[in-house]
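Both ligands and their constituent atoms are indexed starting at 1 by order of listing. Nothing here was measured: the structure is a model prediction, and the numbers come from that model.
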Amino acid sequence: MKSIIEGFMEEVKVRNGHETEFLQAVQEVAETVIPYIITKDIYYGKNVLLRMVEPERAITFRVPWIDDTGEIRVNRGYRIQMNSAIGPYKGGLRFHPTVNMSILKFLAFEQVFKNSLTTLPMGGGKGGADFDPKGKSDNEIMRFCQSFMAELYRHIGPNTDIPAGDIGVGGREIGFLYGAYKKLRNEFTGVLTGKGMSWGGSLIRPEATGYGTVYFAESMLNTRDDSINGKTVLVSGSGNVAQYATEKATQLGAKVVTMSDSSGYIFDADGIDAEKLDFVMDLKNIKRGRIKEYIKKYPSAKFVEGKTPWNEKCDVALPCATQNELDSEDAKTLLAHGCICVSEGANMPSTHQAISDFHKAKILFAPGKASNAGGVATSGLEMSQNSLRMNWTREEVDNKLKQIMSDIHNSCIQYGKDEDGYIDYVRGANIAGFVKVADAMLAQGVV
Ligand code: NDP
Ligand code: 2IT
């Protein structure tokens, strides 16, 4: 078995040798899906996984724009259209200086499996640019978004590819991107999700990723007759996902004691309650400040510079910032401090070795492609509302989100339950995600 997986990875490395994040994501899938494939005649020998690791299309393009001083700047834009077997390409746009082909291919690959798990008809894609929104004026952001869309609009559409937000792309950027698309196409369609409420957005979409991550943690804890109520929780990040994970965990009776950004983390032993979270939301979303400003407002909290939150004691950890933010050393510290549950809000925040540490300790561990799927699932619900030309209530969307998260949890159990009863959510999510896409690919022939 080991040699079959190694042989497969060798072949993937020939074409993608320098793309470390992409190889990491593929390795995790290969280790769990190949042992399944070789037991199934319908998949065996069809090179389905090998076809899945090659994007259907990968576009890169020049994004020139003019900054506020009049200087001409150039960034690189991307859209990876990974797999459209079960629906149009769907996935976010990331604006961050670290964006490159490897990062976007890993995200697009994860997205294929995640979207399959949501039960909705969405293929997988991802895009973005190596543009740093930090310190840019609103006008600079607008000009960048307009230039980005001046090329992207040819490749997307409500039945072709429907982008949304990710790191560095929130409501403001989606607005500028949507305005540019509408002007270029002269069409008011559901081509992007995460739109504003007065122009086709869905209630609960901003909250959905964070809420879903906590709903998934709750489902995992329920399998051990436990719940998040009364638990101490570590959250990393302080952006969209982190904010709403904090909100929902607090609403369900947990105490969230940390949030972070790339400069460090804040620790508040009394918990980041609703009022404190309002302050964080205003600080991050409106004032676009840094998390360390929290301690000016709440001096009993501490700020730890240059560190992630994983040294603090907790019952539950919710990594909601970025890839590879939690390594094996962090995992061992969390375990030593009694952590019993990790639900990933970010994409691939735990390293391969950290996941293996969690599995060895038999704690509850959910990979992002299962636990953060609430965001794209609610994007799918936004698309449905756009097609119906209707708006559902907050309660309707939240109930559908809860149902989808529960269905994903059940799929993970279906394919991930070990003989001793332990649920390997990584294997469960990978196989469940694979089966639906593979079946569609086989039905559609070699295309
Ligand atoms: P935001 O841009 O709103 O927030 C990102 C947060 O993560 C910020 O606090 C940011 O800090 C921190 N961060 C980003 N890059 C790094 C880094 N290299 N090192 C340390 N901290 C970092 O993004 P989101 O909240 O939307 O996304 C967070 C994660 O969730 C990502 O992995 C994304 O792919 C994933 N995700 C997002 C979904 C969504 O609907 N938005 C859906 C599913 C997954 P700083 O400001 O200092 O950069
Ligand atoms: O990683 C993700 O699932 C997202 N950034 C959300 C994608 C979407 O299309 O809503």
- Kindly state if atom 37 (C) of ligand 1 has a protein heavy atom within a strict 4.0 Å cut-off, that is, under 4.0 Å?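 Within 4.0 Å of atom 37 (C) of ligand 1, protein heavy atoms are found.
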Indicate whether the side chain of [X] and that of [Y] have a donor and an acceptor atom separated by less than 3.5 Å.
| X | Y | answer |
| --- | --- | --- |
| K248 | Q251 | yes |
| N347 | N372 | yes |
| S202 | Q385 | yes |
| S263 | R290 | yes |

Regarding ligand 1, does [X] bring an N or O atom to under 3.5 Å of one of the ligand's N or O atoms?
| X | value |
| --- | --- |
| R94 | yes |
| G237 | no |
| T209 | yes |
| K284 | no |
| G168 | yes |

- Below 4.0 angstrom from a heavy atom of A164, which ligand 2 atoms are there? Numbered from 1 as shown, please.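 Going through ligand 2 atom by atom, the ones under 4.0 Å from A164 are 8 (C), 9 (O), 10 (O).
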- Would you check whether M122 reaches within less than 4.0 Å of ligand 2, judged by its heavy atoms?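 No, that is not the case, since the closest heavy atom of the residue is not under 4.0 Å from the ligand.
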- Query: Would you call G165 a ligand 2 contact, heavy-atom distance under 4.0 Å?
  - Reply: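 The answer is yes: ligand 2 sits under 4.0 Å from a heavy atom of G165.
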- Tell me, which pairs form a salt bridge (charged side-chain N to carboxylate O under 4.0 Å, His left out) where one or both residues lie in residues 266-279, sequence neighbours left out?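 Every salt bridge (charged side-chain N to carboxylate O under 4.0 Å, His left out) pair that includes a residue of residues 266-279, provided the two are not neighbours, is D268-K276.
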Just to be sure I'm reading this right: ignoring hydrogens, which of [options] gets closest to [atom]? Compare them by their nearest heavy atoms.
| atom | options | answer |
| --- | --- | --- |
| atom 18 (N) of ligand 1 | T322, T308, N347, N324 | T322 |
| atom 29 (C) of ligand 1 | S263, P97, A321 | A321 |
| atom 1 (O) of ligand 2 | K126, E110, K90, M383 | K126 |
| atom 9 (O) of ligand 1 | S238, G374, G194 | S238 |

- Task: Might you confirm whether atom CZ of R76 has over 12 heavy atoms from other residues, nucleotides or ligands at distances under 6.0 Å?
- Result: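 Incorrect, the count does not exceed 12.
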- Message: Any heavy atom of C320 closer to ligand 1 than 4.0 angstrom?
- Response: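 So C320 counts as touching ligand 1.
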- Task: Using the side chain to side chain donor-acceptor pair (under 3.5 Å) rule, pick out the option among R57, K90, Q81 that qualifies with D161.
- Result: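 Going through the options one by one, the only one that passes is Q81.
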- With no hydrogens and no angle check, is any side-chain donor or acceptor of N16 less than 3.5 Å from a backbone partner on F22?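 Between the backbone of F22 and the side chain of N16 there is no qualifying donor-acceptor contact (under 3.5 Å).
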- What part of K134, side chain from CB on, backbone N/CA/C/O, both or neither, has a heavy atom under 4.0 Å from ligand 1?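 Side chain only; the backbone of K134 stays clear of ligand 1.
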- Which word best sums up how the rings of F144 and F95 line up, parallel for under 30°, tilted for 30 to 60°, or perpendicular for over 60°?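 The rings of F144 and F95 stand perpendicular, inter-plane angle above 60°.
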Using a 3.5 Å cut-off and no angle test, enumerate the donor-acceptor pairs between side-chain atoms of residues 302-310 and protein atoms at least two apart in sequence or in another chain.
from, atom 1, to, atom 2, distance (Å)
K302, NZ, E312, OE2, 3.2
W310, NE1, E325, O, 3.0

- Message: Is there a polar contact, in the sense of an N or O pair closer than 3.5 Å, between D166 and ligand 2?
- Response: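 N/O-N/O distance under 3.5 Å: yes.
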